[in-house]
Amino acid sequence: MDSDEALVARCVARGDDDAFAELVRRHRDHSFRLALSILGREFVGEAEEVTQEVFLRAHHALSTFRGEAKFSSWIYRITFNQAVNLKERVRYHAPHLSDDVLTGLTSSAPGPHDQLEAVRTSRALTECMAELPEVYQSALRLHYWLGLGLGEVAELLVVPENTVKSYLHRARRLLHVMLQARGFEHV
């Protein structure tokens, strides 16, 4: 099996579309998950579009890949930048539901008051997450929401594993302080 760098060389030297297709196959899922971790789970379609755009850009810029870093690091950095740019440009917000709508929902869960409190807590958490640096948001979402291991998160964020541990620790600590400041003592 050819390395990523050998596939890149084949693409650049011979315009080998099969080699590029293999690069896409190897890295599209991680790129998608990284984009989704930045945009949020409500924006699956947008994360798919970011992933497609990333590979289009990579295909056009493949000759500029210098090999100073791994191809995966290069493609994940492009993904990170594209997703952050889209998020800033469109200014994504969590979908809004009024308290009246939420209290009218029927569920097998405990009463409406408990449901409303859970939604308020979730909303506060979402708002606090949005205030964190993008890299902290991504680390939290990749690790806790997508269930990736520390090594996988490190690879996607192109940082050492110990840095991911620091990001997660700092992010949790900041979230705890922010939530307490909003009156959520037991979160």
Side-chain angles (χ1 to χ4, degrees), residues 1-8 19-59 62 65-88 92 94 118 121-180 184 186-187:
M1 178 181 286
D2 287 335
S3 69
D4 287 349
E5 288 69 23
L7 291 170
V8 169
F20 189 74
E22 176 61 19
L23 289 169
V24 171
R25 188 196 63 73
R26 288 181 186 180
H27 299 285
R28 73 175 167 238
D29 289 340
H30 283 304
S31 292
F32 170 75
R33 286 193 267 175
L34 178 58
L36 193 59
S37 77
I38 294 166
L39 298 173
R41 71 177 108 194
E42 302 89 15
F43 303 104
V44 171
E46 289 81 355
E48 289 171 350
E49 289 176 20
V50 165
T51 304
Q52 290 175 356
E53 179 68 22
V54 163
F55 285 101
L56 282 173
R57 287 178 181 253
H59 189 267
L62 212 48
F65 176 67
R66 297 183 304 250
E68 294 171 358
K70 293 185 343 185
F71 176 80
S72 60
S73 299
W74 184 68
I75 203 77
Y76 300 149
R77 179 52 49 194
I78 295 171
T79 303
F80 185 87
N81 291 337
Q82 284 291 115
V84 168
N85 289 342
L86 178 65
K87 185 176 182 179
E88 289 173 357
Y92 283 106
T121 302
S122 178
R123 186 179 297 148
L125 181 60
T126 299
E127 290 169 0
C128 291
M129 285 271 300
E131 294 176 24
L132 293 174
E134 287 292 340
V135 72
Y136 287 5
Q137 291 180 42
S138 290
L140 286 169
R141 288 183 179 129
L142 288 167
H143 186 65
Y144 292 108
W145 179 50
L146 294 175
L148 299 182
L150 296 174
E152 291 174 296
V153 175
E155 183 179 334
L156 286 171
L157 297 180
V158 193
V159 296
E161 196 170 310
N162 283 336
T163 302
V164 171
K165 290 178 185 177
S166 295
Y167 287 168
L168 291 171
H169 175 75
R170 290 180 196 142
R172 286 189 306 262
R173 190 175 67 227
L174 284 169
L175 283 175
H176 183 72
V177 168
M178 294 161 97
L179 287 167
Q180 280 187 329
F184 294 91
H186 302 289
V187 176

Original post:
Taking atom CD of E127 and atom CG of L179, what is their separation to the nearest 0.5 Å?
Top reply: 10.0 Å
Original post:
Checking side-chain contact (heavy atoms from CB on, under 4.5 Å) for the pair F80/E134: CA distance, chi angles, key distance, verdict?
Top reply: CA-CA 9 Å; F80 185 87; E134 287 292 340; 4.0 Å; yes
Subject >> Basic-acidic side-chain contact under 4.0 Å: R26, E22 >> reply: yes
Original post:
Rounded to the nearest 0.5 Å, how far apart are CZ of R66 and CH2 of W74?
Top reply: 10.0 Å
Original post:
Going by heavy atoms in the side chains, are L132 and M129 under 4.5 Å from each other?
Top reply: yes
Subject >> side chain to side chain contact (heavy atoms under 4.5 Å, CB included) against Q52, all qualifying residues, sequence neighbours excluded >> reply: none
**OP:** Please round to the nearest 0.5 Å and tell me the distance separating atom CD of E48 and atom CG of L39.
**Re:** 11.5 Å
Subject >> Partners meeting side chain to side chain contact (heavy atoms under 4.5 Å, CB included) with A21 (sequence neighbours left out) >> reply: none
Original post:
Rounded to the nearest 0.5 Å, how far does CE of M1 lie from CG of L7?
Top reply: 9.0 Å
**OP:** Heavy atoms only: give me the nearest K87-R141 pair and the separation to one decimal.
**Re:** NZ-NH1, 4.0 Å
Subject >> Spacing of CD belonging to E53 relative to CG belonging to L86, to within rounding of 0.5 Å >> reply: 10.0 Å
Original post:
When rounded to the nearest 0.5 angstrom, what is the spacing between OG in S138 and NE2 in H143?
Top reply: 14.0 Å
**OP:** Check the pair L23, I75 against side-chain contact (heavy atoms from CB on, under 4.5 Å), reporting the backbone distance first and the verdict last.
**Re:** CA-CA 10 Å; L23 289 169; I75 203 77; over 6 Å; no
Original post:
Who are the side chain to side chain contact (heavy atoms under 4.5 Å, CB included) partners of N81, not counting sequence neighbours?
Top reply: R77
Which atom pairs, one a donor and one an acceptor, fall under 3.5 Å between side chains of residues 151-172 and the rest of the protein, sequence neighbours left out?
from, atom 1, to, atom 2, distance (Å)
E152, OE1, G149, N, 2.9
S166, OG, N162, O, 3.3
H169, NE2, R173, NH1, 3.3
R172, NH1, Y144, OH, 2.6

Throw together a table of side-chain donor-acceptor distances under 3.5 angstrom for residues 27-37, partners on residues two or more places apart or in other chains.
from, atom 1, to, atom 2, distance (Å)
H27, ND1, Y76, OH, 3.1
H27, NE2, D4, OD2, 2.8
S31, OG, H27, O, 3.1
S31, OG, T79, OG1, 3.4
S37, OG, L34, O, 2.7

**OP:** Could you list the residues that satisfy side chain to side chain donor-acceptor pair (under 3.5 Å) with Q180, not counting sequence neighbours?
**Re:** H176
Original post:
Side chain of Q82, backbone of T51: donor and acceptor closer than 3.5 Å?
Top reply: no
**OP:** Determine the sole option in V50, N85, V84 for which the side-chain contact (heavy atoms from CB on, under 4.5 Å) test with I38 is passed.
**Re:** V84
